[in-house]
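Below is one structure, written out as structure tokens; comments come after it.
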Amino acid sequence: MGALERDDEGAGRGADAAPPALSLLARLSSGLLFAHRPGFAAVQSVLLQGLTVLANLVTGIITARLLGAQGRGFYAVAVTWPALLGMAALAGTGDGLLLRLRREPLSATASVAWAALVALTFSAVLTGVAYLLMPRLLGHDQQDALEIARLGLLLTPFVATGALFRQSFAGRGKFLLGNLAAFLPHLLHAVAVALFALTSALTVGTAVASLFCGVIASQLVLLRFLLREIGGPVAGLKAAASWISNFARRAAPAELLTLCSSWADRLVLIMLLAPRELGLYAVAYGFSRVVTIATPPSGILLSTMSGREPREAKRLHDTAVRFCIAALATAVAIFFVLSDWLIHVFYGAEFLPAVGVFKILVLQAAVNQVAMITAQLYLSMNRPTVTSCIEFIAVAVSATLMIWLSPQYGARGAAIGLLAGTSTRLVLLWCGLITHLGLSLPRLWINVDDLRTARSLLKA
């Protein structure tokens with residue numbers, strides 16, 4: 001693991017004497033492996049996201065086929081709340097930590113210490129409240145899942161600290177470690193699920209236990225690297241706490257509303273649907289996220305755009321949007337054409353009723369990825385309040401439509417409501433580029449200048 005921290009300069013010098021083609025290959029391989037530069041970090045993150053999707057696909061297929069639609073529904077109930085609450089515990093604080101580390105690298109120890117305190121405190125509070133309210137949160141049809149749902153809440157603080165790992169590494173410019181922090185939990189989860197399946201011991205309980213194994217083991221592996229990055233005296237704790245807290249107060253509403261918007265469909269359906277129909281929706285939602293593999297995670301985008309002049313940040317944003325749209329349009333078209341075949345091959349005939357919901361959620365995932373990129377531009381320009389207002393409107397649209405449509409159309413109604421809210425968010429974010437940031441709308445197609453920009457990021 002010590003090789004993770006090796007610099008690629010030596011490899012570059014050694015390759016200078018090699019033939020030009022080999023020298024170029026060596027530089028590209030070294031840059032992609034160690035990801036010291038933003039462009040290489042983005043490419044690396046896309047590759048690792050592809051592997052993450054593959055790991056999740058393995059997990060989803062095994063759990064769906066061995067647990068069935070009803071068992072998959074119970075599993076969804078058990079893992080939904082800790083995932084949501086863990087991310088909510090770090091809302092605003094995570095992005096604040098990343099920006100603080102980029103702007104004040106000497107305060108790394110104090111910044112991470114404060115963010116960790118916030119994450120653990122809020123996750124403990126949210127876990128306790130959710131434990132008490134869980135009978136009401138599950139609804140009438142999911143009471144059989146009460147015990148496993150309460151057990152799953154123990155994962156909440158580990159989800160929060162996992163986000164802390166990713167933001168810390170991104171803020172320190174250690175993109176390889178940040179990418180690994182995002183990838184390893186999924187890989188180790190898939191390995192644990194596969195082992196339980198091979199020993200004929202896979203149940204809803206052991207599937208949830210596998211998730212615990214993946215999340216906790218990945219943090220144990222990366223802990224020494226995090227401590228090495230932030231090692232030193234806790235100096236400037238008061239200043240770091242003040243700066244991060246001030247940012248979090250403005251950014252948290254937007255992030256919490258984004259979480260509510262992203263998870264509202266499943267939360268509503270937990271209360272409204274029977275376990276089998278919830279299982280169908282969970283499979284459709286999880287499989288639809290495959291479309292996001294072609295886009296880098298928000299931490300890299302925010303880290304790259306922060307600290308730059310507004311027009312330079314906008315240029316990077318527009319380039320990312322164009323490449324994102326090109327990749328997503330291709331992926332969406334493929335999924336629309338092959339959806340029936342893909343669901344049948346990977347999950348079996350039992351899950352074919354989820355095809356219609358799957359198509360809607362694929363489109364929603366693509367729209368959400370584009371909106372996420374623009375939201376990072378607002379944050380990099382220290383305008384989190386605007387995104388909070390936009391998220392509030394988007395969540396209101398989603399929630400209203402889901403509550404209205406779900407009783408009549410079930411999972412399909414929830415998917416339509418989620419798509420409408422996400423589309424509203426993107427439209428308002430792009431309108432805000434003109435009205436609030438004084439910038440122009442992005443061009444949507446790729447040209448030669450975009451290729452030059454992408455190339456410059458690989459050299460920067």
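Starting from 1, each residue takes its place in the sequence as its number.
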Check whether any side-chain heavy atom of Glu229 sits under 4.5 Å from a side-chain heavy atom of Val112, and report yes or no. no
Given the rule in the side-chain contact (heavy atoms from CB on, under 4.5 Å) test, do Leu377 and Ile373 qualify, once you have shown the distances and angles that lead to the verdict? CA-CA 7 Å; Leu377 177 62; Ile373 293 175; over 6 Å; no
Short question: side chain of Tyr378, backbone of Leu429 - any donor-acceptor pair under 3.5 Å? yes
Taking all non-hydrogen atoms of both residues, which atom of Met402 and which atom of Gly417 are closest, and how far apart? CG-CA, 4.1 Å
How many angstroms lie between atom CZ of Arg166 and atom CG of Leu222, to the nearest 0.5 angstrom? 11.0 Å
First locate atom CG of Asp340, then atom CD1 of Ile343, and finally report the distance between them rounded to the nearest 0.5 Å. 8.5 Å
Evaluate the side-chain proximity of Ile393 to Leu428: yes if any heavy-atom separation is below 4.5 Å, no if none is. yes
When every non-hydrogen atom of Ser398 is compared with those of Gly421, the smallest separation belongs to OG-CA, 3.0 Å
Quick one, Phe122 with Thr156, criterion side-chain contact (heavy atoms from CB on, under 4.5 Å). Give me CA distance, side-chain angles, the key distance, then yes/no. CA-CA 10 Å; Phe122 277 103; Thr156 300; over 6 Å; no
Any donor-acceptor pair under 3.5 Å linking the side chain of Ser123 with the backbone of Leu120? yes
Can you find a pair of side-chain heavy atoms, one from Leu342 and one from Phe287, that are under 4.5 Å apart? yes
I'd like to know if the side chain of Gln167 reaches the main chain of Leu98, judged simply by a donor and an acceptor atom lying under 3.5 Å from each other, with no hydrogens or angles considered. no
Would you indicate whether the side-chain heavy atoms of Leu151 and Leu154 approach each other to under 4.5 Å? yes
Strictly distance-based, threshold 3.5 Å: is any side-chain N or O of Arg65 a donor or acceptor partner for the main-chain N or O of Phe346? yes
With no hydrogens and no angle check, is any side-chain donor or acceptor of Thr374 less than 3.5 Å from a backbone partner on Ala371? no
Is there side-chain contact between Phe247 and Leu99, with heavy atoms separated by less than 4.5 Å? yes
Step by step, work out the side-chain contact (heavy atoms from CB on, under 4.5 Å) result for Ser168 and Ile230. CA-CA 9 Å; Ser168 298; Ile230 65 172; 5.6 Å; no
Note, Asn179 side chain near Phe183 side chain (heavy atom, < 4.5 Å): no
Does any non-hydrogen side-chain atom of Arg425 lie less than 4.5 Å from one of Asn368? yes
Regarding Ser111 and Trp243, is there a side-chain donor-to-acceptor distance under 3.5 Å anywhere? no
In this structure, CG of Leu51 is separated from CG of Leu57 (nearest 0.5 Å) by 12.5 Å
Heavy-atom pair of closest approach, residues Glu255 and Gly92: OE1-N, 2.9 Å
Testing the basics here: between Pro157 and Thr127, what is the closest heavy-atom pair and its distance to 0.1 Å? CD-OG1, 4.3 Å
Exam field: side chain Glu350 to backbone Ala69, donor-acceptor pair closer than 3.5 Å: yes
Can you check side-chain contact (heavy atoms from CB on, under 4.5 Å) on Phe225 and Lys174, steps first, answer last? CA-CA 10 Å; Phe225 297 102; Lys174 301 298 183 180; over 6 Å; no
Rounded to the nearest 0.5 Å, what separation is found between the OG1 atom of Thr424 and the CD1 atom of Ile390? 11.0 Å
Please check this pair: side chain of Arg289 against backbone of Leu361, looking for a donor-acceptor N/O pair closer than 3.5 Å. yes
Tell me if a side-chain donor or acceptor on Arg72 pairs with a main-chain N or O of Leu66 at a distance below 3.5 Å. no
Within the side chain of Thr161, is there an N or O that forms a donor-acceptor pair under 3.5 Å with the backbone of Phe158? yes
Tested for side chain to side chain contact (heavy atoms under 4.5 Å, CB included) against Thr330, the lone hit among Val332, Ile334, Leu328 is Ile334
Of the non-hydrogen atoms in Ala284 and Ala354, which two are nearest, and what is the gap between them? CB-O, 3.8 Å
Do Gln219 and Leu223 have side chains that get closer than 4.5 Å, going by heavy atoms? no
Please list every donor-acceptor pair under 3.5 Å in which a side-chain atom of residues 193-218 meets a protein atom from a residue at least two apart or in another chain.
from   : atom 1 : to     : atom 2 : distance (Å)
Thr199 : OG1    : Leu195 : O      : 3.0
Thr199 : OG1    : Phe196 : O      : 3.1
Thr203 : OG1    : Gly205 : N      : 3.3
Thr203 : OG1    : Thr206 : N      : 3.2
Thr203 : OG1    : Thr206 : OG1    : 3.3
Thr206 : OG1    : Ala201 : O      : 2.9
Thr206 : OG1    : Thr203 : N      : 2.6
Thr206 : OG1    : Thr203 : O      : 3.1
Ser210 : OG     : Thr206 : O      : 2.8
Ser218 : OG     : Gly214 : O      : 3.2
Ser218 : OG     : Val215 : O      : 2.8

Minimal heavy-atom distance between Trp114 and Ala241, with the atoms involved, is CD2-CB, 3.4 Å
Any chance you could measure His317, atom NE2, to Cys324, atom SG, to the nearest 0.5 Å? 9.5 Å
Tell me if the CZ atom of Arg412 is crowded by more than 12 foreign heavy atoms within 6.0 Å. no
Polar side-chain atom of Ser288 near backbone of Tyr285 as donor-acceptor pair, under 3.5 Å: yes
Output the distance between atom CD1 (Ile244) and atom CZ (Arg100), rounded to the nearest 0.5 Å. 6.5 Å
Hey, is CZ on Phe335 packed in by over 12 heavy atoms from elsewhere, all under 6.0 Å? yes
